[in-house]
Amino acid sequence: MKVYVNLSDNYVSALSTFQTDGSDIEVVLDQPIDLEKLKGYKVEGKDGINHLVYDAKQFNDWKDQTDKEKTIALEEQLLAQLTRNLALANATDEQAKKLVHQYPEWSGDSVSYKTDDRVSYKDKLYKVLQAHTSQATWTPDVSASLFSVIN
C-alpha cells in the first residue's frame with residue numbers, strides 16, 4: 001500500500017493516503033502501522049522504493065526525549081512557584097503592600113496561620129501577629145490581636 005509521510009526532525013510527523021503538499025514523501029507500507037508509535041517510523045530506500053519501517057530504538061529515544069522535556073517543564077513550573085513563594089515570603093512590608101493580591105486570600109475555614117504570614121482581605125494586606133487556626137468570625141479587619149494591617 002502506498003501512503004505519504006511528512007518528516008519533522010527526522011521523525012514521521014504526518015501520514016496520509018493522499019499527497020497533501022510537495023514535502024510529502026511517497027512510501028510503501030509493508031506491515032500495519034501502530035499510530036501511537038508513529039515517531040518510531042523512518043523512511044528507508046530499498047531497490048529505489050521508499051519503505052516505512054519501524055525502529056524501536058528511534059521510538060524509545062524520541063519517547064525518552066519527550067518524557068525528559070515534560071519533566072523539565074514540570075521542574076521549571078515548580079521552580080517558578082518556589083521562587084514566587086520565596087519572594088513573597090521575603091518581601092519587606094513596603095514591598096509586600098504593593099503585591100497585596102499576590103498573597104493568599106484570608107479564609108475562615110479552619111486554616112492554620114503562622115506568625116508573620118501575610119493574607120489579603122478586602123483589598124488590604126494583613127500580617128499574622130500570632131499563630132492560630134482561623135474561624136469565620138475572626139476576620140483580619142476586626143481581630144486586632146491576630147492581625148495587623150500593612151499600610
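All figures in this text were calculated on a predicted structure; none of them were measured in a lab.
When all heavy atoms are compared, the tightest approach of D141 to K122 is OD2-NZ, 3.8 Å. The shortest heavy-atom contact between T139 and A136 is CG2-O, 3.6 Å. Closest approach of T115 and A131 over heavy atoms only: OG1-N, 3.3 Å. Nearest approach of S13 to L7, heavy atoms of both residues: OG-C, 4.0 Å.
One side chain, E105 or S120, offers a donor N or O that lies under 3.5 Å from an acceptor on the other. Checked by atom type, the side-chain pair E69/Q65 shows a donor-acceptor distance below 3.5 Å.
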For a side chain to side chain contact (heavy atoms under 4.5 Å, CB included) check, start with the C-alpha distance between K42 and Q58, then their side-chain angles and the critical distance, and finish with the verdict. CA-CA 8 Å; K42 61 184 179 180; Q58 176 175 307; 3.7 Å; yes
Taking it one step at a time, do V119 and Y113 satisfy side chain to side chain contact (heavy atoms under 4.5 Å, CB included)? CA-CA 9 Å; V119 295; Y113 289 112; 3.4 Å; yes
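Side-chain contact between D61 and K57: present, with at least one pair of heavy atoms (C-beta onward) separated by less than 4.5 Å. Contact check for L125 versus V149: no side-chain heavy atoms found under the 4.5 Å cut-off. For the pair L15/I33, a side-chain contact is recorded, criterion being any heavy-atom separation below 4.5 Å from C-beta on. Between Y103 and H101, the closest side-chain pair of non-hydrogen atoms is not below 4.5 Å. A 4.5 Å side-chain heavy-atom check between V5 and V43 finds at least one atom pair inside the cut-off. Using a 4.5 Å cut-off on side-chain heavy atoms (C-beta onward), R118 and D93 make contact.
Put simply, CD1 on I72 and CD on Q77 are 12.5 Å apart, with the number rounded to the nearest 0.5 Å. The line from CD of Q135 to CG of L146 is 9.5 Å long, rounded to the nearest 0.5 Å.
Contacts classified as ring pair (Phe, Tyr, Trp, His ring centres under 6.0 Å) and involving residues 16-47 (residues at least two apart or in different chains) are given here: Y41-Y54.
Within a 6.0 Å radius of CD in E36, no more than 12 heavy atoms belonging to other residues, nucleotides or ligands are found. Sparse packing is recorded around CG of D9, with 12 or fewer heavy atoms of other residues, nucleotides or ligands lying under 6.0 Å away. Around the CG atom of N10, the shell of radius 6.0 Å holds no more than 12 heavy atoms that belong to other residues, nucleotides or ligands.
Using a cutoff of 4.0 Å between basic side-chain nitrogens and carboxylate oxygens, D64 and K68 are not scored as salt-bridged. Remark: D67 engages K63 in a salt bridge, criterion side-chain N to carboxylate O under 4.0 Å. The residues K127 and D117 are annotated as not salt-bridged, no charged nitrogen and carboxylate oxygen being separated by less than 4.0 angstrom.
Under the 30°/60° scheme for interplanar angles, the aromatic rings of H132 and F147 are found to stand perpendicular.
Judged purely by atom type and a 3.5 angstrom limit, S134 uses its side chain to pair as donor or acceptor with the backbone of S107. No side-chain donor-acceptor contact under 3.5 Å links K2 to the backbone of V28.
In the hydrophobic clustering of this structure, Y11 does not group with Y4; members are Ile, Leu, Val, Met, Phe, Trp, Tyr whose side-chain heavy atoms approach within less than 4.5 Å, directly or through other members.
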